[in-house]
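The sequence lines fix the lettering, A, B, ..., with proteins before strands; numbering per chain opens at 1. The structure presented is a predicted model; accordingly, all values stated were derived computationally and were not measured.
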Amino acid sequence: MTSVDTSALLSWFDRAGRPLPWRGPGVGAWEILLCEVMSQQTPVARVEPVWRAWLERWPGPAELAAAPAADVIRMWGKLGYPRRALRLQECALVVVDRHDGEVPTDVEALLALPGVGDYTARAVACFAHGQRVPVVDTNVRRVVARAVGGAAKAGPPSTRRDLAEVDALLPSGRERAVAFSVALMELGALVCTARVPRCDDCPLASSCAWLAAGRPEWDGPRRRTQTFAGTDRQVRGLLLDVLRDGDGTADRDRLAAVWPDPVQRGRALDSLVADGLMVRTGDVYSLPG
DNA sequence: CATTCGTGGAA
DNA sequence: TTTCCAAGAAT
């Protein structure tokens, strides 16, 4: 079983890791949970300003739980996947009601929180509570696929298999395991990137199975290219943006202006209402109170 | 296990 | 211009 040179990795992180605000000392578990949720499928650079503004307005779960949903959706801004904002508020409510306002420490309890899945639960357990648990995100999957597996990219995700694979690489000590996960993610974000890997700058280059094999191209099935233009997803985004920018309400005419096709517009509006991102009152749509 | 769900920057 | 993809979760 090939392993990862933890010492080289940690040394690289000390030298090249980004000073992200949620990595500083004294950052609480709620603040870390918040940044992890915001970072789901969203570039970290876009998260930072929103994370700061959010915490300034709602420092903890109690404040967030008491906020109007419309304000929560607005504050989420354009991070994307706005349902995450609603789940985050539900999460705050659960933390307040069932966990005495404190972010749970067990992975199992974390997994039960709205909007918290396999990655986020372990990221919080590890980064916020210092636990030795495997943390597997897209970066880690890619780095391991290359450095250990010798493949250009990771295969289709399989939680059980991915967790077991990374768990086998985890250093035995708790603190070292935490540092390992932070550094592995950072390596994937800065060096072992999806498009143009910077192998010249990689601390794992001397032991990387993919590099040793001559960086062979990915021969597996090509992922179905996800179209976006014309999808319900785009339409939902355009429609919600109308409400976010204005006073929080819009009639059918204003909504029709951003997407003329009544069938698709209607379907998108129905789904937005079903998700709780909008409410309909007669002819007017508005952000939820 | 496969789909759906925003948004924007970079190659 | 088009394509890829970024600290995933829920269904």
To the nearest angstrom, how far is [X] atom [atom1] from [N] atom [atom2]?
X      : N      : atom1 : atom2 : value
A:R83  : C:dA10 : CZ    : C1'   : 7 Å
A:Q234 : B:dG8  : CD    : P     : 11 Å
A:W218 : C:dT3  : CH2   : C1'   : 19 Å
A:I73  : B:dT7  : CD1   : C1'   : 16 Å
A:D162 : C:dG8  : CG    : C1'   : 13 Å
A:R233 : B:dG8  : CZ    : P     : 14 Å

Side chain of A:R23 - closest among B:dC5, C:dA7, C:dG8: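 Output: C:dA7.
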Within the 4.0 Å heavy-atom criterion, would you say [X] contacts the bases, only the backbone, or no part of the nucleic acid?
X      : result
A:G80  : base
A:S158 : nothing
A:L79  : base
A:T120 : sugar-phosphate
A:R122 : nothing
A:W76  : nothing
A:R142 : sugar-phosphate
A:P82  : sugar-phosphate
A:L20  : base
A:D275 : nothing

A:R198 and A:T193 side chains, donor-acceptor separation under 3.5 Å: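 Side chains of A:T193 and A:R198: no pair found under 3.5 Å.
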Donor on one side chain, acceptor on other, A:R84 and A:T42, under 3.5 Å: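 Yes, A:T42 and A:R84 have a side-chain donor paired with an acceptor closer than 3.5 Å.
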Contact nearer the 5' end of DNA chain C, comparing A:V116 with A:P43: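 Nearer the 5' end of the strand: A:P43.
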DNA chain C: 5'-proximal contact among A:A194 and A:P114 (nearest heavy atom):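 Result of the comparison: A:A194.
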Whichever of A:P156 and A:R84 has its nearest DNA chain B nucleotide further upstream toward 5':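 First, find each residue's nearest nucleotide; the 5'-ward one identifies A:P156.
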Which residue lies more 5' along DNA chain B, comparing A:Q41 with A:P157 via nearest heavy atoms: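 The answer here is A:P157.
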A:L88 with A:M278, same ILVMFWY side-chain cluster at under 4.5 Å: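 Not linked; separate clusters.
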Under 4.0 angstrom between A:R236 side-chain N/O and B:dG6 OP1 or OP2: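 It does, given that an N or O in the side chain of A:R236 lies less than 4.0 Å from OP1 or OP2 of B:dG6.
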OP1 or OP2 of C:dA7 under 4.0 Å from side-chain N/O of A:T138: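 Checking C:dA7 against A:T138, no side-chain N or O comes under 4.0 Å of OP1 or OP2.
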A:D270 and A:R280 ion-paired at < 4.0 Å: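 Salt bridge absent between A:D270 and A:R280.
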Salt bridge flag under 4.0 Å for residues A:R52 and A:E31: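 Salt bridge: no.
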Within-4.5 Å side-chain heavy-atom neighbours: A:T249 and A:R254: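 Not touching, per the 4.5 Å side-chain cut-off.
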Pairwise P distance for C:dA7 and B:dT4, with rounding to whole Å: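 Looking at atom P only, C:dA7 and B:dT4 are 23 Å apart.
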Distance, C1' atom - from B:dG8 to C:dT1, rounded to whole angstrom: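 Pairwise C1' distance, C:dT1 against B:dG8, rounds to 16 Å.
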Heavy-atom donor-acceptor pair, A:Y81 side-chain to B:dG6 base, under 3.5 Å: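 Indeed there is one.
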